[in-house]
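Every value quoted in this text rests on a predicted model; they were computed, and no experiment measured them.
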Amino acid sequence: MYVICYGKSPKALATGQKLINEIGGRYVTGTELITGSFVMAEGETNCAIVMVLPLEAAVKSMEETITDKTRDLPVIAVSPEGRYAAVLRRGNKPYEKGVDDVYAAVVKVLGPFCFSGFEGKSEITSDLTGLVSKYNMKVSSKELFAKVNDWINEGGKINVYTDLPIVFADPVLDPMTYSLHSYPYDMRDDFIKQYKSAKEGKIEPSVFITCTYLGDEEDDWNLILVPRILSLGVEIKTKTDPDYCRAAIRKSLINHLLNPDAVSKVASTYSAKDSEMIKGLAEELDAGIVSFDSGMRAKAKIPMEMTFSPEKRTDTATALAFLASGEGSLAIRRSASAQGIVFSVAVSKENIILP
C-alpha cells in the first residue's frame, strides 16, 4: 500500500510527507501527473493519488491531469492542513478494490480531527511577494502591491498582462488565481493600449509585468512590476562627460519604450569598466557592472549582422549586451548619441515564472 501525493503549499508538503512516512509512497509534480511520466509497479493495486489541495483545486487538478497512466487510479482529496479527506474517484479495476484500504489508512494518519473542513482558496498558490523578490522587480506602488497580495490571499483572481515571456510554475493550479494575458514583442502597441484602457476604465485592478516604459504618471489602480532583466552594453567612442551620459542613456531608453528601472547590468569592455562614465551610468540605473575581454567579445554570436555597411565591423556594444544577458534577445540594436556613446540592450533569455 502506498500513496502518490501531489501538493504545493508548505502546509500541503508537510501533510503529504506525513502520509508518505506512515503509509509509504512519494511526491509527484504537476508535470509528472500531466504527462504520466511516473512508473507504476507491476501488480501493485493498493495505491491512490492523493491531492493535498483545497477541494476546488483538487477537483480541477484531477480533471486536467488525466492520462493513460492515471485515469484508472483512485483519487483522494486531502486538505493542506489535513483536516479533511474524501474519495473523489474510486478508480477502475483492479485499483478500486484497494481504495477503501488506502482511504482508511489516510484517515488514520490524519487523526480524529480530520473532518472539520477545507481551507480557503489562498492555499492554492502564493501571492506576488516571492516573484518580486526573485526577479528584483520595482513595484510601482507599495500600497497597491499590499492590496493586490491581500486580494490574492483572500482567494481573489487577478488579471496579469505582460509583453515578456512568462510561464506558470504550476500550469494546473495557477490559472485559478492568475488570468495571464501575453502580448508578443511585435504587439507592444496593443499592450500599451491595454494598459491605457485598464487605467482609464478602472473596471478591476490588474497587474502589468513589463520592461516597457508606461510613463511616470501615478496609477493607484493598476500595479506595474518591472523586473530587472535588461543588460546594457556600452561602448565609449570619445571622451564623454559622465553627467551627459547619464541623462542621454536614460532619455534614449525611454525613447525606445524601455523602462530604465529594468536594467540590471551595465556591460563594458574590460579596459573601460573603471571609467567614471561606466560607474556613473551604473549608479544612475542602480545596476551592476560586468566586463568582457576582447576574446569573449570576438566569440559572441550576435543574432543579427550589421547590414548598413559593406565592410565588416565589430559591434562591441551589441556583443557586450548579448553576453551580459546570457545570450538573450536583443531589444535595442546599436543606438548612438551625438557625443560618441554607442549602446545596445538585450533581454535575459530566461522565462519569468509566475508562482
Side-chain angles (χ1 to χ4, degrees), residues 135-138 162-167 182-192 208-214 225-237 245 248-270 272-273 277-278 281-282 284-338 340-353:
Y135 297 98
N136 193 20
M137 294 182 175
K138 179 179 179 183
T162 184
D163 56 351
L164 298 171
I166 290 182
V167 298
S182 296
Y183 290 77
Y185 185 78
D186 56 0
M187 293 180 63
R188 179 186 278 184
D189 290 344
D190 291 338
F191 174 73
I192 295 174
F208 288 80
I209 303 177
T210 182
C211 291
T212 298
Y213 181 73
L214 297 175
L225 303 179
V226 181
R228 288 185 172 273
I229 57 175
L230 300 183
S231 295
L232 178 74
V234 183
E235 185 179 357
I236 307 171
K237 287 296 184 181
C245 177
I249 293 291
R250 176 174 285 276
K251 182 178 179 181
S252 187
L253 287 170
I254 293 174
N255 288 341
H256 283 86
L257 293 179
L258 291 180
N259 194 321
D261 291 326
V263 176
S264 64
K265 299 174 185 175
V266 175
S268 72
T269 61
Y270 189 78
K273 66 182 177 67
M277 196 200 81
I278 296 298
L281 183 57
E284 173 73 18
L285 300 175
D286 191 22
I289 299 174
V290 293
S291 60
F292 300 92
D293 59 30
S294 57
M296 292 190 68
R297 297 197 309 273
K299 293 178 182 178
K301 299 187 182 299
I302 300 173
M304 296 182 294
E305 294 294 333
M306 297 173 70
T307 58
F308 53 81
S309 175
E311 61 186 80
K312 186 170 182 178
R313 302 174 62 185
T314 302
D315 184 357
T316 300
T318 303
L320 289 167
F322 191 56
L323 289 170
S325 67
E327 300 183 357
S329 303
L330 291 178
I332 297 178
R333 177 70 162 88
R334 193 174 174 83
S335 178
S337 76
I341 306 168
V342 178
F343 74 93
S344 296
V345 178
V347 186
S348 173
K349 66 179 179 180
E350 296 181 357
N351 290 333
I352 295 174
I353 302 176

For this session: Measure from the side-chain N and O atoms of S325 to the backbone N and O of A321, and report whether any donor-acceptor pair falls under 3.5 Å.
Result: yes

Exercise. Quick one: NZ on K273 to OG on S268, what's the gap to the nearest 0.5 Å?
Worked result: 8.0 Å

Exercise. Of the non-hydrogen atoms in L281 and V266, which two are nearest, and what is the gap between them?
Worked result: CD2-CG1, 4.1 Å

Exercise. Would you say the side chain of V263 lies within less than 4.5 Å of the side chain of D286, judging by non-hydrogen atoms?
Worked result: no

Exercise. With side chains defined as the heavy atoms from C-beta onward, is the minimum distance between L253 and Y213 less than 4.5 Å?
Worked result: no

For this session: Would you please test V345 and F343 for side-chain contact (heavy atoms from CB on, under 4.5 Å) and show each step?
Result: CA-CA 7 Å; V345 178; F343 74 93; 4.0 Å; yes

Problem set entry | 4.5 Å side-chain heavy-atom contact, S335 and H256 | yes

For this session: Give the minimum heavy-atom separation between F292 and L320, together with the two atoms involved.
Result: CD1-CD2, 3.8 Å

Problem set entry | Salt-bridge contact R250-E284 (side-chain N to carboxylate O under 4.0 Å) | yes

Exercise. Roughly how far, to the nearest 0.5 Å, is CG of L258 from CD1 of I332?
Worked result: 4.5 Å

Exercise. Tell me, do S264 and I229 make a side-chain contact under 4.5 Å, heavy atoms counted?
Worked result: no

Problem set entry | Test item: I278 and I289 side chains (from C-beta on) under 4.5 Å apart, heavy atoms | yes

Problem set entry | Close side-chain approach of R188 to L257, heavy-atom, < 4.5 Å | yes

Exercise. If you measure from CD1 on I209 to OG1 on T212, what distance do you get to the nearest 0.5 Å?
Worked result: 12.5 Å

For this session: State whether the side chain of N259 and the backbone N or O of D261 hold a donor-acceptor pair below 3.5 Å, judged by distance alone.
Result: yes

Exercise. Is any side-chain heavy atom of L164 closer than 4.5 Å to a side-chain heavy atom of C211?
Worked result: yes

Exercise. Do you know which two heavy atoms are closest between A324 and A267, and how far apart they sit?
Worked result: CB-CB, 3.8 Å

Problem set entry | T269/D293 under side-chain contact (heavy atoms from CB on, under 4.5 Å): CA gap, chis, key distance, verdict | CA-CA 6 Å; T269 61; D293 59 30; over 6 Å; no

Seminar exercise, completed: To the nearest 0.5 Å, atom OG of S291 lies from atom CG of L323 at 11.0 Å

Exercise. Checking K265 side chain against S231 main chain: does a donor-acceptor pair fall under 3.5 Å?
Worked result: no

Problem set entry | Atom pair NZ/CD1 of K251 and I249 - distance to nearest 0.5 Å | 12.5 Å

Exercise. Taking it one step at a time, do L225 and Y135 satisfy side-chain contact (heavy atoms from CB on, under 4.5 Å)?
Worked result: CA-CA 10 Å; L225 303 179; Y135 297 98; over 6 Å; no

For this session: Could you give me the CA-CA distance, side-chain angles and deciding distance for E235 and R334, then say whether side-chain contact (heavy atoms from CB on, under 4.5 Å) is met?
Result: CA-CA 10 Å; E235 185 179 357; R334 193 174 174 83; 3.7 Å; yes

Exercise. Does one side chain, of T318 or S344, offer a donor that lies under 3.5 Å from an acceptor on the other?
Worked result: yes

Seminar exercise, completed: So CD1 of I192 and CZ of F208: to nearest 0.5 Å the spacing works out to 11.0 Å

